[in-house]
Trainee: 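The following block contains the structure, expressed as structure tokens.
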Amino acid sequence: MRKPIIAGNWKMNKTISEGIDFVNKIKDLGDNTDVEVLVCVPFVALDSVKKELGISNIKLGSQNIHWEESGAYTGEISPLMLKEIGIDYAIIGHSERRQYFNETDETVNKRVKAALKYNIKPIICVGETLEEREENKAEEKVKTQVINSLEGINENEMKDIVFAYEPIWAIGTGRTASSEDANEMISFIRNIIEEKYNEKIAEGIRIQYGGSVKPGNVREIMNQPDIDGALVGGASLKKDDFTDIVRF
Ligand code: 13P
């Protein structure tokens, strides 16, 4: 049985003090629930948010991770630095990174390997553009991203990987993929993993949906058989909305 995982991706929102204040109010969200709850916060707030969370059952994630431990990579943050803070997850290959910061399948793969080496669980984001969907190329695009991101990853490492299917046209647009369409693509991703590894690994891996998830649509999304959680942007910034989403 896969444990659902609901993650807030704050993106470039909330200062350190705003972040502390926010997690202080949602600290108990991870208690008495079968859902794994996670907040992925800006790098500068990770340490303070970790301290504020204390013994809370809410997990902590970064929104990126570099592949080298140290070196001449101005502006980057290494897995060693993130490990010291004690984060649990790292979002890797978010479409905004791919779109605005030249993230490629190759760099995604390097980041995935680095995260795993430091026992930080990767949340690998994949998804097609509207154009690709309209040209019937969505599956091809997602398949390429999934296969390339997993290059050199062994069966044992797969248990720590989470995927997030985020169709780019549904991010921040208020336009959600229908829950059936999202489920279909997520089931397709599971099949790719079964082909590459085996049925047991495919059945065990958690695959989230992301893109305009809100209190009003979360239940329908979570009720789909292949969808194991949500990666939530805008609605994760508001206490009431995030709470309603986690308690769907
Ligand atoms: P929204 O929930 O704001 O559409 O963002 C989705 C997303 O990109 C989460 O990573």
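Numbering of ligands and ligand atoms starts at 1, following listing order. Basis for what follows: all heavy atoms, side chains included, without hydrogens, waters or symmetry-related copies.
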Trainee: Yes or no: does S212 have any heavy atom under 4.0 Å from an atom of ligand 1?
Mentor: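 A heavy atom of S212 does come that close to ligand 1.
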Trainee: K11 near ligand 1, heavy-atom distance under 4.0 Å?
Mentor: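 So K11 counts as touching ligand 1.
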Trainee: With heavy atoms of G172 as the reference, note each atom of ligand 1 found under 4.0 Å away.
Mentor: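 Listed by number with element: 1 (P), 3 (O), 4 (O).
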Trainee: Within the structure, does G210 bring an N/O atom to less than 3.5 angstrom of an N/O atom in ligand 1?
Mentor: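 No, no N or O pair falls under 3.5 Å.
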Trainee: Find all atoms of ligand 1 within a distance of less than 4.0 Å from any non-hydrogen atom belonging to G211, and give their numbers and elements.
Mentor: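 Listed by number with element: 4 (O), 6 (C).
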Trainee: Is it true that the NZ or CZ of K239 lies under 6.0 Å from the centre of F22's six-membered ring and within 45 degrees of the ring axis?
Mentor: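 Checked: cation-pi criterion not met.
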Trainee: Among protein heavy atoms, which sits nearest to atom 7 (C) of ligand 1, and what does the distance come to when rounded to 0.1 Å?
Mentor: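 The protein heavy atom lying closest is E166 OE2, 3.1 Å.
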Trainee: Would you check if the side chain of N217 reaches a backbone N or O of K214 as a donor-acceptor pair within less than 3.5 Å?
Mentor: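 Checked: pair present.
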Trainee: Between A170 and ligand 1, which residue portion shows a heavy-atom distance shorter than 4.0 Å: side chain, backbone, both, or neither?
Mentor: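 Only the backbone of A170 comes within reach of ligand 1.
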Trainee: Kindly say whether I85 contributes a backbone atom to a donor-acceptor pair with the side chain of D47 at under 3.5 angstrom?
Mentor: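 Answer holds: no.
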Trainee: Provide the number and element of each atom of ligand 1 under 4.0 Å from a heavy atom of G233.
Mentor: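 Once the distances to G233 are compared, the set is 1 (P), 2 (O), 3 (O), 5 (O), 6 (C), 9 (C).
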Trainee: Please indicate whether any nitrogen or oxygen in I171 is less than 3.5 Å from any nitrogen or oxygen in ligand 1.
Mentor: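 Between I171 and ligand 1 (N or O atoms, distance only) the closest approach is not under 3.5 Å.
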Trainee: Taking NZ, NE, NH1 and NH2 as the nitrogens, is one of them in R98 or D105 under 4.0 Å from a carboxylate oxygen of the other?
Mentor: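 Answer for the salt bridge query: yes.
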Trainee: Looking only at heavy atoms, which two atoms of C40 and S62 are closest? And how far apart?
Mentor: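 Nearest heavy atoms, C40 then S62: CB-O, 4.0 Å.
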Trainee: Purely on distance, is any nitrogen or oxygen of T173 under 3.5 Å from one on ligand 1?
Mentor: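 No.
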Trainee: Do me a favour and list the nearest non-hydrogen protein atom to atom 3 (O) of ligand 1 with residue, atom name and distance?
Mentor: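 Heavy-atom neighbour on the protein nearest atom 3 (O) of ligand 1: G234 N, 2.8 Å.
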Trainee: For N154, I'd like to know if atom CG has over 12 heavy atoms of other residues, nucleotides or ligands within 6.0 Å.
Mentor: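 Yes, CG of N154 has more than 12 neighbouring heavy atoms, counting only those of other groups under 6.0 Å.
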Trainee: Test: salt bridge (charged side-chain N to carboxylate O under 4.0 Å, His left out). Region: residues 79-96. Which pairs qualify, not counting sequence neighbours?
Mentor: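 Listed by first then second residue: K11-E96.
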Trainee: Say whether E96, considering both its backbone and side-chain N or O atoms, lies within less than 3.5 Å of an N or O atom on ligand 1.
Mentor: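 No, no N or O pair falls under 3.5 Å.
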Trainee: Is a donor on one side and an acceptor on the other found under 3.5 Å between the side chain of R190 and the backbone of D226?
Mentor: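 Flag set: sc R190 to bb D226 pair under 3.5 Å.
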Trainee: Show me, pair by pair, the donor-acceptor contacts under 3.5 angstrom made by side chains of residues 203-210, not counting sequence neighbours?
Mentor:
| from | atom 1 | to | atom 2 | distance (Å) |
| --- | --- | --- | --- | --- |
| R206 | NH1 | K3 | O | 3.0 |
| R206 | NH1 | E36 | OE1 | 2.7 |
| R206 | NH2 | E36 | OE1 | 3.2 |
| R206 | NH2 | Y89 | OH | 3.0 |
| Q208 | NE2 | I5 | O | 3.0 |
| Q208 | NE2 | A230 | O | 3.1 |
| Y209 | OH | A177 | N | 3.2 |
| Y209 | OH | G211 | O | 2.9 |

Trainee: For ligand 1, which atoms have a heavy atom of N9 less than 4.0 angstrom away?
Mentor: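 This gives 9 (C), 10 (O) as the contact atoms.
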